[in-house]
Amino acid sequence: MPFELDLQHETLRYTGHYASPTLELWGSGGVIIKGLLDALGQHGVTLQQIQVSGALPNASETVVTAHVPRVGAVKFGFDKIELDFSNFSPAFLEAMPSTLNDLVVWIVKAVPDFKFASHRFFYFSHSLVKNATPQEVLKALNVREVKSAGISVGNGAIYNHTVPSRNWETQLLIDKSQQLAGGLFVSLDLVIRTGEIDYGQVMIEGRRYLAEALAELDLVIPEAVA
């Protein structure tokens, strides 16, 4: 019988690194803020949620941050764009590919030769294990112990892979949660070393990839395959 996980917390982070800095937008604060408002207004972002950084040590740390109520933030920089969302609803997750597209469209309009160099999606969750303990799960994944170190409370496992057909590099990590008492930590780090991607397709395939990898390890997160 597979171990079924009861999801308690999840976070999705995305970073899109540009092929070249978008210096055409330097000094165009109005264009940047309007672009963020147009893309994120549907999620409750107004001018009050947008923060412009100042007095930073170098140009790469110049950032415009849009705080998305209840779920996280979007950061626009001149070399990358970053998203950090937690405890989002299924509806918010379903709308995320469209939101990502909207966040890119205005940059493309303002910088005609704009391209991405790479993309990174980092997902992690903290879950309780139904009818089992994290130690039981981890013992099934990693049987090696360092007996001289003390009493084992479970040893994590890390799986690194490449998927050449998709230009993917992945790292799946399963370990004892440091934030949730009696919980299990699961993360998938997905790096795509190509510029043009379909956000909707990547998110669907990424969720399927995680679900299938966990299934091979006798782990099931029902929400991950919904």
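Because the structure is a prediction, the values reported are computed rather than measured.
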Give, for atom [atom1] of [X] and atom [atom2] of [Y], the distance between the pair rounded to the nearest 0.5 Å.
X      : Y      : atom1 : atom2 : answer
Leu37  : Ile32  : CG    : CD1   : 12.0 Å
Arg207 : Leu210 : CZ    : CG    : 9.0 Å
Phe3   : Leu141 : CZ    : CG    : 8.0 Å
Leu103 : Met96  : CG    : CE    : 10.5 Å
Gln49  : Leu36  : CD    : CG    : 12.0 Å
Leu190 : Gln171 : CG    : CD    : 12.0 Å

Inset, instruction - Give the C-alpha distance, both sets of side-chain angles, the deciding distance and a yes or no for side chain to side chain contact (heavy atoms under 4.5 Å, CB included) between Phe116 and Val104. - result: CA-CA 10 Å; Phe116 281 106; Val104 174; 3.8 Å; yes
Enumerate the salt bridge (Lys or Arg N to Asp or Glu O under 4.0 Å) contacts for [range], please, sequence neighbours excluded, ordered by first and then second residue.
range            : answer
residues 126-135 : Glu4-Lys130
residues 18-39   : Lys34-Asp38
residues 176-195 : Arg120-Asp189, Glu169-Arg193
residues 108-119 : none

Inset, instruction - Using a cut-off of 6.0 Å, state whether more than 12 heavy atoms not belonging to Asn131 lie near its atom CG. - result: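 Atom CG in Asn131 is not packed in, count stays at 12 or less.
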Inset, instruction - For Gln48 and Thr46, test the side chains for any donor-to-acceptor distance below 3.5 angstrom and give the result as yes or no. - result: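 Side-chain D/A pair, Gln48 to Thr46: present.
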Inset, instruction - Verify whether one side chain among His67 and Thr65 offers a donor that lies under 3.5 Å from an acceptor in the other. - result: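 Result is no, nothing qualifies.
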Output all residues satisfying salt bridge (charged side-chain N to carboxylate O under 4.0 Å, His left out) with [X], sequence neighbours left out; order by chain, then residue number.
X      : result
Arg70  : none
Lys139 : none
Asp84  : Arg13

Side chains of [X] and [Y]: closer than 4.5 Å at any heavy-atom pair?
X      : Y      : value
Leu173 : Val186 : no
Asn167 : Val191 : no
Pro2   : Leu219 : no
Phe88  : Thr11  : no
Ser125 : Ile221 : yes

Show every donor-acceptor pair shorter than 3.5 Å between a side-chain atom in residues 15-23 and any protein atom, with sequence neighbours excluded, or say none if there are none.
| unit_1 | atom_1 | unit_2 | atom_2 | d |
| --- | --- | --- | --- | --- |
| Tyr18 | OH | Gly77 | O | 3.2 |
| Tyr18 | OH | Lys80 | O | 3.2 |
| Thr22 | OG1 | Phe78 | O | 3.3 |

Inset, instruction - Apply side chain to side chain contact (heavy atoms under 4.5 Å, CB included) to the pair Leu214 and Ile174, showing each step before the final yes or no. - result: CA-CA 10 Å; Leu214 291 176; Ile174 304 169; 4.0 Å; yes
Check the hydrophobic clustering (I, L, V, M, F, W, Y; side-chain heavy atoms under 4.5 Å; chains of links allowed) and say if [X] and [Y] are grouped together.
X      : Y      : result
Met203 : Val105 : no
Val108 : Leu25  : yes
Leu180 : Leu5   : no
Phe185 : Leu188 : no
Leu217 : Val163 : yes

Least distance between heavy atoms, [X] atom then [Y] atom:
X      : Y      : answer
Gly182 : Pro134 : O-CG, 3.3 Å
Val45  : Ala66  : CG1-CB, 4.2 Å
Val31  : Ala110 : CG1-CB, 4.3 Å
Gly44  : Pro69  : O-CG, 3.6 Å
Asn87  : Gln8   : OD1-O, 4.2 Å

Legend entry - Pairing residues for Phe85 by the ring pair (Phe, Tyr, Trp, His ring centres under 6.0 Å) criterion, not counting sequence neighbours: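 Residues passing ring pair (Phe, Tyr, Trp, His ring centres under 6.0 Å) with Phe85: Phe92.
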Check whether any side-chain N or O of [X] sits under 3.5 Å from a backbone N or O of [Y] as a donor-acceptor pair, and report yes or no.
X      : Y      : answer
Glu205 : Val202 : no
Asp6   : Ser127 : no
Thr162 : Pro164 : no

Inset, instruction - For a side-chain contact (heavy atoms from CB on, under 4.5 Å) with Leu138, tell me which candidate from Val129, Thr133, Leu184 qualifies. - result: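 Passing option: Leu184.
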Inset, instruction - Decide if the gap between the ring center of Phe121 and the ring center of Tyr123 is smaller than 6.0 angstrom. - result: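 No, the ring centres sit 6.0 Å or more apart.
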Legend entry - Sequence neighbours excluded, every pair satisfying side chain to side chain donor-acceptor pair (under 3.5 Å) that has a member inside residues 88-108: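 Passing the test, one end in residues 88-108: His43-Thr99.
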Legend entry - Trace of the side chain to side chain contact (heavy atoms under 4.5 Å, CB included) decision for Phe124 with Leu12: CA-CA 7 Å; Phe124 69 83; Leu12 177 62; over 6 Å; no
Inset, instruction - Name all pairs fulfilling the ring-ring contact (aromatic ring centres under 6.0 Å, His included) condition that reach into residues 150-179, sequence neighbours left out, sorted by first residue then second. - result: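 Pairs touching residues 150-179 that pass the test: Trp168-Tyr209.
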Inset, instruction - Sort and list the pairs that fulfil ring-ring contact (aromatic ring centres under 6.0 Å, His included) and have at least one residue in residues 128-155, not counting sequence neighbours. - result: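 Qualifying pairs: none.
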Legend entry - Residue pair Phe122, Tyr14: steps toward the side chain to side chain contact (heavy atoms under 4.5 Å, CB included) verdict: CA-CA 6 Å; Phe122 181 61; Tyr14 165 77; over 6 Å; no
